[in-house]
*Asks:* 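Have a look at this one before I ask anything.
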Amino acid sequence: EVQLVESGGGLVQPGGSLRLSCAASGFTFSNYWMHWVRQAPGKGLVWVSRINSDGSGTFYADSVQGRFTISRDNAKNTLFLQMNSLRAEDTAVYYCARNCDSTSCYQSWGQGTLVTVSS
Amino acid sequence: QSVLTQPPSVSGAPGQRVTISCTGSGSNIGAGYDVHWYQQLPGTAPKLLIYADNNRPSGVPDRFSGSKSGTSASLAITGLQADDEADYYCQTFDHTLSGSDVFGTGTKVTVL
């Protein structure tokens, strides 16, 4: 069974940093592109970032470009999101998601971790 | 601000059929990119409901179906049930947004 478990969320001041982790199990992690998607309280889903299977290719939404960095450790089956220069508008539940086998959808999702940016 | 527009809400009685539209443009749905749909029950993570326009993952009932035409896509739910009450999102790729996946604005389905 595919499992994705996020951690690392919490309360951080504006301008601060936070590193999210997503521990994967139940599938061959190194074979799949992975994503981060966020959802502000009471709002819709927003794609944040994606990384290819070996970590050599990364993509970002314009709203986080230059502030967030996605990475992965295939030996430890773990996905990361380093978030710097955090703003109030980054407050959201952050989900990691595994890419589908044959197309660019999100096959499996973690339970999410809440990031709150506030002074 | 999403580039895919969905109605904020739709409702129907148990057993009825409801449809949710997802309107995009020539840089996303109209360019032929696959459209996917997700169901998000209250307080839970989203779940893949339909992929590549009209395909159901295993375990998703055939009451759910998807279609696409031009710059729009639709999700249909037939035989509406109480546990279908959830938020539904469409998703695709947009080639004008630096490699961005995009989600629809979301639709709340209410079972009357």
Side-chain angles (χ1 to χ4, degrees), chain A residues 1-7 9 22 24 27 32-52 56-68 70 89 92-114, chain B residues 1-9 20 22 28-29 31-60 66 68 73 75 86-108:
Chain A
E1 178 196 1
V2 172
Q3 279 205 319
L4 299 169
V5 179
E6 301 94 337
S7 60
C22 171
F27 65 100
Y32 288 89
W33 289 53
M34 297 293 295
H35 306 262
W36 288 99
V37 175
R38 69 184 182 185
Q39 186 171 35
K43 302 296 185 182
L45 301 171
V46 176
W47 173 78
V48 173
S49 182
R50 81 163 69 87
I51 186 168
N52 67 358
S56 63
T58 58
F59 304 84
Y60 300 93
D62 287 346
S63 58
V64 306
Q65 179 77 48
R67 300 188 298 124
F68 289 12
I70 189 172
E89 55 264 36
V93 173
Y94 284 73
Y95 296 101
C96 68
R98 194 200 84 176
N99 206 69
C100 292
D101 288 323
S102 58
T103 182
S104 59
C105 57
Y106 309 106
Q107 178 75 53
S108 304
W109 298 66
Q111 85 288 351
T113 187
L114 176 62
Chain B
Q1 201 136 349
S2 176
V3 298
L4 302 178
T5 302
Q6 300 177 230
S9 64
I20 300 169
C22 173
N28 42 69
I29 298 175
Y33 296 112
D34 287 343
V35 177
H36 320 291
W37 291 89
Y38 302 87
Q39 177 193 60
Q40 187 175 30
L41 297 169
T44 70
K47 168 192 166 185
L48 180 64
L49 199 63
I50 296 287
Y51 68 94
D53 302 341
N54 55 16
N55 297 276
R56 287 184 306 277
S58 67
V60 173
K68 185 174 79 177
L75 173 72
D87 293 322
Y88 293 81
Y89 296 89
C90 57
Q91 176 251 319
T92 188
F93 179 82
D94 190 300
H95 63 232
T96 65
L97 296 175
S98 56
S100 287
D101 287 345
V102 288
F103 285 94
T105 49
T107 299
K108 169 70 176 180

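Convention: sequence-line order gives letters A, B, ...; per-chain numbering from 1.
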*Asks:* What about Y89(B) and Y106(A), are their ring centers closer than 6.0 Å?
*Replies:*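 Centroid separation for Y89(B) and Y106(A): 6.0 Å or greater.
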
*Asks:* Please flag which part of V48(A) lies under 4.5 Å from any non-hydrogen atom of chain B: side chain, backbone, both or neither.
*Replies:*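 The answer is neither part of V48(A).
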
*Asks:* Parallel, tilted or perpendicular, judged at 30° and 60°: which one describes the rings of Y38(B) and W109(A)?
*Replies:*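 Perpendicular.
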
*Asks:* In Å, rounded to the nearest 0.5 Å, how long is the span from OH of Y51(B) to CG of D101(A)?
*Replies:*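 If I round to the nearest 0.5 Å, the distance is 8.5 Å.
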
*Asks:* Please name the pair of heavy atoms, one in F103(B) and one in L45(A), separated by the smallest distance, quoted to 0.1 Å.
*Replies:*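 It is CB-O, 3.4 Å.
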
*Asks:* Is chain B contacted by the side chain of C105(A), its backbone, both, or neither, given a heavy-atom distance below 4.5 Å?
*Replies:* both

*Asks:* If I compare all heavy atoms of A45(B) with all of G110(A), which pair ends up nearest, and what's the gap?
*Replies:* CB-O, 3.2 Å

*Asks:* Output the distance between atom OG (S100(B)) and atom CZ (R50(A)), rounded to the nearest 0.5 Å.
*Replies:*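 Nearest 0.5 Å value for the OG-CZ distance: 7.0 Å.
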
*Asks:* Show the numbers, then the answer: is there a side chain to side chain contact (heavy atoms under 4.5 Å, CB included) between S104(A) and H36(B)?
*Replies:* CA-CA 9 Å; S104(A) 59; H36(B) 320 291; 4.1 Å; yes

*Asks:* Is any side-chain heavy atom of F59(A) closer than 4.5 Å to one of D101(B)?
*Replies:* no

*Asks:* So which of Q111(A), Q39(A), H35(A), Q107(A) has the largest heavy-atom pair count under 4.5 angstrom toward chain B?
*Replies:*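 Between Q111(A), Q39(A), H35(A), Q107(A), the count favours Q39(A).
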
*Asks:* Check each atom of T92(B) against the heavy atoms of chain A and say whether the ones under 4.5 Å are side chain, backbone, both or neither.
*Replies:*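 For T92(B), no heavy atom lies under 4.5 Å from chain A.
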
